Novice: 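Below is a structure I'd like to ask you about.
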Amino acid sequence: MAGIWLLKSEPTVFSWDDLKAAPNQTTCWEGVRNYQARNFLRDQMAVGDRVLFYHSNANPPAIMGIAAVVKAAYPDHFAWDPQSKYFDPKSTPDMPRWFMVDIQYRRDLDPPVTLPELRRTKGLETMLLLQKGCRLSVQPVTEAQWQLILDLRS
DNA sequence: GCCAACGTTGGC
DNA sequence: GCCAACGTTGGC
């Protein structure tokens with residue numbers, strides 16, 4: 001069974017609409033600079049995995065829709081660019097420290113599933129996103145959680 | 001803008 | 001290896 005992930009993005013940095021407007025509705029997911037998130041991304045994300053696209057630092061924070069992984073992990077070359085805000089001199093082409101995947105738009109959740117709605121939903125209490133202080137920007141989602149979330153819009 | 005929670009850094 | 005200081009995240 002293919003994996004399921006929740007990816008966080010601040011809409012002022014890269015929004016759901018940005019993804020839909022991107023060439024081929026596809027984008028590389030650069031800028032992950034946390035080791036736990038990197039390990040999920042690098043070691044476990046695979047082509048065909050399902051993605052919940054979440055707007056953090058938004059009003060309200062919400063899952064905007066569904067995307068899919070269309071390219072598995074490869075080195076995040078933004079880490080090598082001194083002009084990039086994601087520059088990290090400790091990552092080199094020979095020894096890349098950071099990785100990214102490509103994701104592609106699949107469909108909207110209409111309307112978006114807001115954080116308060118998620119908190120109200122029975123069965124999602126253990127979802128990582130809802131845990132106090134969980135800042136992980138790449139999170140695994142269980143099949144049961146996925147189904148509960150989709151059921152909110154069907 | 002505030003601030004709690006967390007992750008990382010670096011001196012020792 | 002400890003841990004204080006610092007930086008970041010992200011809801012509110």
Side-chain angles (χ1 to χ4, degrees), chain A residues 3-22 27-45 49-69 72-103 105-142 144-153:
Chain A
I4 313 171
W5 306 95
L6 182 140
L7 295 184
K8 293 183 187 174
S9 187
E10 299 193 25
T12 55
V13 177
F14 188 85
S15 72
W16 183 237
D17 282 343
D18 291 335
L19 175 62
K20 293 202 274 184
T27 188
C28 59
W29 201 257
E30 80 278 14
V32 171
R33 295 291 179 272
N34 167 282
Y35 289 105
Q36 197 179 356
R38 178 204 67 182
N39 292 347
F40 280 130
L41 186 147
R42 182 190 61 189
D43 303 336
Q44 297 192 41
M45 288 183 87
D49 282 2
R50 292 154 286 173
V51 170
L52 297 171
F53 192 110
Y54 178 80
H55 274 176
S56 61
N57 258 321
N59 192 15
I63 299 172
M64 303 303 293
I66 294 163
V69 176
Y74 58 105
D76 181 346
H77 57 78
F78 291 85
W80 309 332
D81 174 5
Q83 306 307 316
S84 170
K85 66 174 173 176
Y86 299 123
F87 177 61
D88 180 354
K90 296 196 270 319
S91 184
T92 66
D94 281 346
M95 287 284 286
R97 175 171 300 208
W98 305 114
F99 293 80
M100 55 188 178
V101 296
D102 288 357
I103 66 166
Y105 170 80
R106 282 296 178 265
R107 61 187 178 87
D108 296 327
L109 288 177
D110 188 24
V113 179
T114 67
L115 183 58
E117 189 175 1
L118 291 168
R119 291 200 187 284
R120 286 197 303 271
T121 302
K122 293 280 185 293
L124 293 183
E125 296 84 358
T126 57
M127 197 177 171
L128 274 180
L129 181 73
L130 306 183
Q131 305 313 303
K132 182 172 158 184
C134 183
R135 309 189 322 197
L136 252 194
S137 62
V138 177
Q139 304 182 356
V141 174
T142 69
Q145 291 162 355
W146 166 264
Q147 201 54 57
L148 282 170
I149 292 164
L150 291 205
D151 285 349
L152 294 171
R153 291 295 177 275

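Just so we're on the same page: letters track the sequence lines, and every chain starts at 1. All values derive from a computational prediction rather than experimental measurement.
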Novice: Using atom CG of A/L118 as one end and atom C1' of C/dG11 as the other, report the distance to the nearest whole Å.
Specialist: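 After rounding, the reported distance stands at 14 Å.
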Novice: Measure CG/A/L130 against P/C/dC12 and give the value in whole Å, please.
Specialist: 10 Å
Novice: Under 4.0 Å: is that the gap between some side-chain N or O of A/K8 and OP1 or OP2 of C/dT9?
Specialist: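 So the side-chain polar atoms of A/K8 never come under 4.0 Å of the phosphate oxygens OP1 or OP2 of C/dT9.
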Novice: What nucleotide among B/dC6, B/dT8, C/dC12 has an atom nearest to a side-chain atom of A/R119?
Specialist: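 Of all the options, the side chain of A/R119 is nearest to C/dC12.
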Novice: For A/F14 and C/dG10, what is the distance between atoms CZ and P respectively, to the nearest whole Å?
Specialist: 17 Å
Novice: Are A/W98 and A/P75 packed together at the side-chain level, in the sense that at least one heavy-atom pair is separated by less than 4.5 angstrom?
Specialist: no
Novice: Can you tell me the distance, in whole Å, between the CD atom of A/Q131 and the C1' atom of B/dC6?
Specialist: 15 Å
Novice: Give the rounded distance in Å between these two atoms: CG of A/L129 and P of C/dT9.
Specialist: 16 Å
Novice: In whole Å, I'd like the distance from the CH2 atom of A/W98 to the P atom of B/dT8.
Specialist: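 So the CH2-P distance, A/W98 to B/dT8, works out to 7 Å.
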Novice: Without decimals, in angstroms, what is the distance between A/R33 CZ and B/dC6 C1'?
Specialist: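 That distance rounds to 19 Å.
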Novice: Calculate the interatomic distance between A/N39 atom CG and B/dG7 atom P; express it in whole Å.
Specialist: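 Spelled out: CG on A/N39 to P on B/dG7 is 13 Å.
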Novice: What's the closest nucleotide to the A/N34 side chain, out of C/dG11, C/dT8, B/dT8?
Specialist: B/dT8
Novice: For A/Y54 and A/W5, I'd like to know if the aromatic rings sit close, meaning centre-to-centre distance below 6.0 Å.
Specialist: no
Novice: One pair to check against salt bridge (Lys or Arg N to Asp or Glu O under 4.0 Å): A/R97 and A/D76. What are the steps and the verdict?
Specialist: CA-CA 8 Å; A/R97 175 171 300 208; A/D76 181 346; over 6 Å; no
Novice: Could you tell me whether the phosphate oxygens of C/dG11, OP1 or OP2, come under 4.0 Å of any side-chain nitrogen or oxygen in A/Y54?
Specialist: yes
Novice: Among C/dG10, B/dT9, B/dG7, which nucleotide has an atom closest to any side-chain atom of A/N57?
Specialist: C/dG10
Novice: Classify the ring geometry of A/F14 against A/W29: parallel below 30°, tilted from 30° to 60°, perpendicular beyond 60°.
Specialist: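 Perpendicular, since the angle between the ring planes exceeds 60°.
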Novice: Answer yes or no: is there an ion pair linking A/E117 with A/R153, defined by an N-O contact shorter than 4.0 Å?
Specialist: yes
Novice: If you assign each of A/Y35 and A/K132 to its closest nucleotide in DNA chain B, which residue comes earlier from the 5' end?
Specialist: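 It is A/K132 whose nearest nucleotide is closer to the 5' end.
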Novice: C/dG10, C/dC12, B/dT9: which one has an atom nearest the side-chain heavy atoms of A/L115?
Specialist: C/dC12
